[in-house]
Amino acid sequence: MDVGFRSVGTIILTLISLAACSPKTTTSVFNEADYGSQAACAGKALQNRYIVQWEDGHFTVETATTVDKFKKDFLEPNLKNVRKVEYDRVVQFERNTDIVKLADVDPTDYWGQDMIEASSVWGENVFGQNIKVGVIDSFVDTTHPQLWSNIDYNTAEIPGNGIDDDKNGYIDDYAGFTFISNPGTGTAVSDHGTHVAGIIAADSTKGYVKGMAPQAKIVPAPFIDGENGGSIGDAILALQYVSTRGVKIINASWGGAPCMQSLQNAFVELNNKGILVVVAAGNEGTDLDYSPDYPAAFNMANQITVAAGTPSDMMVHWSNSGFHLVHLAAPGVDILSTITNKRVGYMSGTSMAAPFVTGAAALLWSDRPQATAVEVKTALLRSVDVDPARQYKVQTLGRLNVRKALEELRKLVP
Ligand SMILES: [Ca+2]
Ligand SMILES: [Ca+2]
């Protein structure tokens, strides 16, 4: 199987180098044929929005009423400086149910943190100090008593005055920045982002939830409002934003992007900046090696893709898997974390498993700030717990153990 993957890679590289030698045209940077013409690319497209990557690597999202107008008014005049254009599309959260479980919640249920031996790391005064984490998700309730002190506030920005005080291109980005152009229906605010943020960095001294890295700082960059999903273009803008805010790690608990070269290019930009991206494998119960889904299946050097395990330390049936493309498992069923309106509740999904790995990476990096993203990833993957009787269907066959991961990183980075 490995040989097969390598030969596919060789063909792609050849095509790219040929394309680089040809003169650039509107058709070569914007292949409209990918729009709805391939079954694998049949994601819901947002037809009036175009993701543009410029030759210097940065991204914008452009709008136009028709594709002809876009090409004539935007693409042709800017062609020299544009590297790639794609239609924008919709992606969804990787959660198993839309419902937060509030009944039968045990507010002292730390099965996930216990299984991966987090308290052993906390016992060494390793809490994620000085590490910033980007949460690309839905709204994060920064007023939650367990979260407000662990938000990375941009103190050069005065909130709420409608002015970009620090001139970084984002107006009022005091507690992160919002990138939502595909609004949800109804009025309910999704708890997803608040729950994910709490698993990573809830302040365990201020309530029930034990965040993995309780002194790390979150940079919220919401791009999904709720049940309608969010736009890939907004996700890319959010990834780009947090990368300018000094984050070492980004949590991406969403997926379902079909054939998105732009999103992969955005991951390449993050890789160039040494940022680690932790991605939820998805909850369709499929094998990503055979039915790839993005960003989970990008397989970038700076990427970790996470499956979900149960309290009995087995792969949960709805978790996506893959011996090649999914790296490890982490707790993902009935996970206690922060939700809106100052509450706590359970949620389940690979969306909940990924932030355990994100928080573990923050712990490791705070202990070895000089480590590279690849070293942190290597330590996390080399140190998983493997039970021969019930191996996970993932590359490492095992489940996160943050105590062993820290030992491994200290060997790698003495
Ligand atoms: Ca600003
Ligand atoms: Ca301001």
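Order of appearance sets the numbers: ligands from 1, and atoms from 1 within every ligand.
- Taking 3.0 Å as the criterion, Asn161 counts as a coordinating residue of the Ca ion (ligand 2), since one of its N, O or S atoms falls below it.
- Remark: at the Ca ion (ligand 2), atom O from Ile163 and atom O from Ile158 enclose 180°, rounded to the nearest 10 degrees.
- If you check the side chains of Lys273 and Ser243, you find a donor sitting under 3.5 Å from an acceptor.
- Phe179 and Phe177 have perpendicular rings, their planes meeting at more than 60° on a 0 to 90° scale where under 30° would count as parallel.
- A side-chain donor-acceptor contact under 3.5 Å links His192 and Ser351.
- Summary: OD1 is the N/O/S atom of Asp173 found nearest to the Ca ion (ligand 1).
- Residue-level check: among N/O/S atoms of Glu157, OE1 sits closest to the Ca ion (ligand 1).
- Taking the Ca ion (ligand 2) as reference, Asp172 places its N/O/S atom OD1 nearest.
- For Asn154, every N, O or S atom stays at 3.0 Å or more from the Ca ion (ligand 1).
- Here Pro159 does not reach the Ca ion (ligand 2): none of its N/O/S atoms is less than 3.0 Å from the metal.
- Looking at Asn320 and Asp293, their side chains never bring a donor and an acceptor atom within 3.5 Å of each other.
- Asp173 and Asn168 share a donor-acceptor pair across their side chains, judged by distance under 3.5 Å alone.
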Taking it one step at a time, do Asp234 and Arg49 satisfy salt bridge (Lys or Arg N to Asp or Glu O under 4.0 Å)?
-> CA-CA 10 Å; Asp234 290 338; Arg49 285 168 54 89; 3.0 Å; yes

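- For Trp365 and Phe127, the ring centers are positioned 6.0 Å apart or more.
- Of all N/O/S atoms in Asp164, OD1 sits nearest the Ca ion (ligand 1).
- Within Asp166, the N, O or S atom at minimum distance from the Ca ion (ligand 1) carries the name OD1.
- Between Ile51 atom CD1 and Phe30 atom CZ the span is 10.5 Å, to the nearest 0.5 Å.
- The Ca ion (ligand 2) has no N, O or S atom of Gly160 inside 3.0 Å of it.
- Here Asp165 meets the criterion, with an N, O or S atom under 3.0 Å of the Ca ion (ligand 2).
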